[in-house]
Structures are given as C-alpha cells and as structure tokens.
Amino acid sequence: MAAKRRFQTIKGMHDLVDKAPAFAFVEEKAREVFSLFGYREVRTPVVEETELFVRGVGEGSEVVGKQMYSFDDKKGRSLTLRPEGTAPIARAYLQNNWASGPQPVKVFYMGPYFRYERPQEGRYRQFHQIGAELIGDPGPYSDVELLVMLLRFLEELGFEDLEVGLNSVGDVDCRERYSERLREFLEPYRDELGADSRRRLETNPLRILDTKTPRERELLEGAPRLRDVLGGPARDHFQVVRDELEQFGVDFEIDDRLVRGLDYYTRTVFEITSADLGAQNAILGGGRYDGLIAELGGPSVPGIGFAIGQDRLVDLVLKIPGASARLNAEAHRRQPVCVVPIGSSYRGHGMVLAQELRAAGVPAICEFDSLRPLKARLKQAARHRCRWIVLFGEDELVAGTVVLRDFTNSTQETISRDGFAATVKARISA
RNA sequence: GUGGAUGUAGCUCAACCGGUAGAGCGCUUGAUUGUGGUUCAAGUGGUUGGGGGUUCAAGUCCCCUCAUCCACCCCA
C-alpha cells in the first residue's frame, strides 16, 4: 500500500501556467477600464455561509440545487465555496454598511469560483470571474452606463462586433403574472414537454423559455410573450435602456428567450455569447437585481451587475489574430539579462553584478552553477529566453570589464566594469 | 447526474491476426579545457494509468477501477 502516488489537481481544477500571462493581461485591463468609470476593487472571502446562496441565488436554481461545493466546518456550520459573486457583494454591502457611503456603490472584483459540475471545454469546477456591481440606483441610465463600461472593456481587449443579447424579465409581479400565463398556455401540452420543463412548469416556468429542444421551441412560438406582460414601470425602464444604448452606439439584440438562471434577476438582463467557444458559449452574463438585498434581510435597494467568465474570455483573447504574439513580445521585453560568471570562484561576482543590474531597474538572473560547462550554462540562459548575457571571469576581472553578449544578433562587446549596469540598460532599451 | 471517446518515454505518437516496447522532439555529455541556436557523435529515457481475469504468451482480448477530454444538462 506504500505505492508511490502521483498527486494531481482536483477534477475540473487546473494549474494556470501557459495562460497565466493572458489572465494577468485581462485583469490589468479590467482594473484600468473599470477605474475609469469610478469602480473600486474589492475582495470578498472565497467561503460564505451556505444560506447566503440559498437565499440570494434561489433554492430553485440549478446552481444552488446541485452545483454547490458545500461542507460542514468543525462546529457543524454549513459553508460553501462561492459559486457566484453577486450574493457575496450584496452581503458585503449590508455587513459593511455601504449604504452610508457615497451612492451609488460601484465595485468590481475578480477571483476563483466553484461549481460542482462535470467538467468540459470552457466549464471547470474552479473557474474565474471578473465582475462589477452598481448598487443603489434604480434608474435605466445605470444599466446603460454599466453596459457601456463592459463593452469598453471588451473593446480594449481587442474584440470587435460583439453583440449583446438583451431582455427584460420584469419586476417580481410581472414575472409572477407571466409565469401564470405561461403555465396556463403550456398545460395542455404537458405530455410533450421534457422532464426538465415539466418540473419547471411547477418551480420556475420562465426557465422553460430558454429550452433547446426543438419541439418545445415550436410549442413556445405561440406562447404569450414576456414583453407584452411587463408592467408600466418595467416597460418604461426597458424602453429607456434600449433607446439610450442606441444613442451610445451599443450593438444589441432583443432576445425574448433570454432569461437567466439565477433567481434574483429583475428587469434588465443581458449576456454575450461567442461562436468560437464550443458548447459553453457564454462569455458573460448579468442583469438587474432589485430585490436581492431585501431578500438578504436588508432594505429595498436596487442593483445591477455582470460577471465575465475569465477562463472563456482568455481563450477568446488568445484567438484574436496577433494577440498571443503581442503577449509574447511583451513577455520577451521583460526577459531578464542573464549573468554568467566564468569559473567557480566568480560566483560571488555574478551575484554582485546581478544585484547592480536590478538596482538599475534591469531584470537579471544569474547562472551560478559554474561547475557545469560554460556552454551548458549559456544553453540554460537561452532556454530562459534571455536575449542579453553578461559574462564575467578572470580576464574581465583583470581588465576591469564585463562582456555583454546579444543572443539575437550573435554579437558581443566588452564594456567597462564601472557603471556597466547603465550601459546594459542603455543597450537593452535601444 | 447521463452518454461517447481516449489513457504507451518529459511532449507528440507508432507497435499487423495476442509473440517479449519503438520513432521524432526534448534532455545530458562530447566534437569547441571561455561562448547558446545549426550540424555530427554518444548517452538518458517505460511497472504500456491502476487492479483482476483468459492464455504457453497480453500494450493488444474480457471485467472492474481511476483519470482526462467532448457532448447532454447547466452556466461563466
């Protein structure tokens, strides 16, 4: 039983290695763009009380029903690895009394989320989201501004021609009214519905709208439409959103079947999908949640937000022509200079040279292992993708010089040991 | 939770009807005792995911199990 076991990541969770620079890239862009709109970055814990999601996201939702990573702590309290980001932000709003700060509250966040599902392309048990929330303003201009910000972010990443799917699921009373109508309409066809939809007929008829089975789609052709059932305030709100989005040149398409999977959404909902992603094609989704904070025991405060699937977004970024070349060039620009001391007694000198380079703001590493042949150590420098090599040994010590070699052009020059860091800095930035 | 595909060297993959495991790349060293990439030479590479079964003989056939991927479902 003492067999050597090879440890590996938990199913559906991955080491981010090759994609790490692209992850960092989109994170930097998010900080840059969201800050331009006055959003502040916050970080909330990865673990919350299970009850937060049950109440906030909704017991009927798939996410809460069967996808949560829940466990009991040592005192028997049920905790959950967060499956989404909005409920924790709503909790933070209440706990930290953001209501007493400047309004509306604008925050963004990024980090890992967890859902217990069967992994496949674009769907992981640990995945990453970048999200933003605007809490405290009920008006349609907040919806518009949030979407404008979102699209600005995507443009900055290099995306063009992304189309936003848009819909309004109305206020709670509109939804109930509509659910009732839809239920009445579908009841006669009950036997033609799949098991899932039949169950939803009881629990959440709205979700039947985004079915993919052809027969159900056909049935729904003649169904009452959500937009015809919207109450006056919700309808007016949606109309302003649409008009203003057009004013700002936002490309969107009204999608009557767009209803989101999380129970807290009200009025405006939206998502962006991509044909370049495989079966899991949603890049981001979001919407208004005017009842969420009250549902969590707070005052009646409206909010709106979105969550971007960072893993999927990164996959798409890497597919943009030239994007990975740009990322590589950027990485290459930051490659360190490699100091190679020649001869075992020069290792200390190598350390000093590297430190002088770093002090001058030049990234530097040192190939210390002087017992190996010089050629092997230069090979290591090449494998580190270093372009510039600083060589230093007995000859240089005597002459008061160092040798600076350029791997790209296979040239080298001898420069003065005094102030060599400044010379190197000038050469590599030329 | 359901279905399908795939697991052989660090990586990408071969191995006929069951016959004793191979290539390319990589890595190490040398040709060049102080100069990487190209070239040449030598070397390093494996409990064929794991367990059991059938057989004289299993990478190959059968069963179980684990893992990965893709799809359903769900969503980011």
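Throughout, a chain's letter reflects where its sequence line sits, starting with A, and its residues are numbered from 1.
Heavy atoms of Y124(A) sit under 4.0 angstrom from at least one base atom. If you check every strand for non-hydrogen atoms under 4.0 Å, E394(A) touches a base.
Distance check on atom P: rU20(B) versus rA57(B) gives 15 Å, rounded to whole Å. Taking atom C1' in both rC66(B) and rC17(B), the straight-line distance is 31 Å, to the nearest Å. Rounded to whole Å, the separation between the P atoms of rG52(B) and rG3(B) comes to 27 Å. Rounded to whole Å, the C1' atom of rU47(B) lies 12 Å from the corresponding atom of rU8(B). Look at the C1' atom in both rU55(B) and rG18(B): the space between them is 9 Å, to the nearest Å. rA67(B) and rG50(B): their C1' atoms are spaced 10 Å apart (whole Å).
Heavy-atom neighbours of K319(A) NZ from other residues, nucleotides or ligands within 6.0 Å: above the threshold of 12.
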Here RNA chain B, pairs taken as Watson-Crick or G-U under 3.5 Å and shown with ( ), [ ] when crossing and | when to another strand, reads (((((((..((((.....[..))))((((((.......))))))....(((((..]....))))))))))))....

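Rounded to whole angstrom, the span from the NZ atom of K66(A) across to the P atom of rU2(B) amounts to 11 Å. In this structure, CG of N409(A) is placed 14 Å from C1' of rG36(B), rounded to the nearest angstrom. The distance between atom NZ of K11(A) and atom C1' of rC66(B), rounded to the nearest whole Å, is 9 Å. Rounding to whole angstrom units, CD of residue E121(A) and P of rC72(B) are separated by 11 Å.
A heavy-atom distance below 4.0 Å to RNA chain B is reached by these residues of residues 306-319 of chain A, ordered by number: A307(A), G309(A), R312(A). Within residues 165-172 of chain A, no residue has any heavy atom closer than 4.0 Å to RNA chain B.
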task = Evaluate the salt bridge (Lys or Arg N to Asp or Glu O under 4.0 Å) criterion for residues E180(A) and R183(A): first the C-alpha distance (whole Å), next the side-chain angles of each, then the deciding distance (0.1 Å), finally the verdict.
result = CA-CA 5 Å; E180(A) 201 41 54; R183(A) 204 175 274 141; 2.9 Å; yes

**Report entry** Check against side-chain hydrogen bond (donor to acceptor under 3.5 Å, both in side chains), Y189(A) and E218(A)
**Finding:** CA-CA 11 Å; Y189(A) 307 105; E218(A) 217 175 292; over 6 Å; no

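Taking the six-membered ring for Trp and the full ring otherwise, Y113(A) and H128(A) have centroids separated by 6.0 Å or more. Aromatic rings of Y116(A) and Y69(A) (six-membered ring for Trp) have centroids within the 6.0 Å cut-off, being under it.
Residues forming a salt bridge (Lys or Arg N to Asp or Glu O under 4.0 Å) with D251(A) (at least two apart in sequence, or on another chain): none.
Side chain Q120(A) to base rC73(B): a donor-acceptor pair is found below 3.5 Å. Side chain R377(A) to base rG36(B): no donor-acceptor pair is found below 3.5 Å. You'll find a donor-acceptor pair under 3.5 Å spanning the side chain of E396(A) and the base of rG34(B), going by distance alone.
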Counting primed atoms, P, OP1 and OP2 as sugar-phosphate and everything else as base, the B/S/- map of nucleotides 26-33 of chain B against protein heavy atoms under 4.0 Å is -SSSSB--

Given protein heavy atoms under 4.0 Å, the one-letter contact record of nucleotides 3-11 of chain B, with B base, S sugar-phosphate only and - none, is simply B--------

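Distances shown here put every side-chain N or O of R200(A) at or beyond 4.0 Å from the OP1 or OP2 atom of rC73(B). Contact annotation: H14(A) side-chain N/O to rA67(B) OP1/OP2 distance is not under 4.0 Å.
Between Q67(A) and the options E62(A), E117(A), E84(A), a side-chain hydrogen bond (donor to acceptor under 3.5 Å, both in side chains) holds for only E117(A).
Note: F34(A) and Y39(A) have tilted aromatic rings, judged against thresholds of 30 and 60 degrees for the angle between ring planes.
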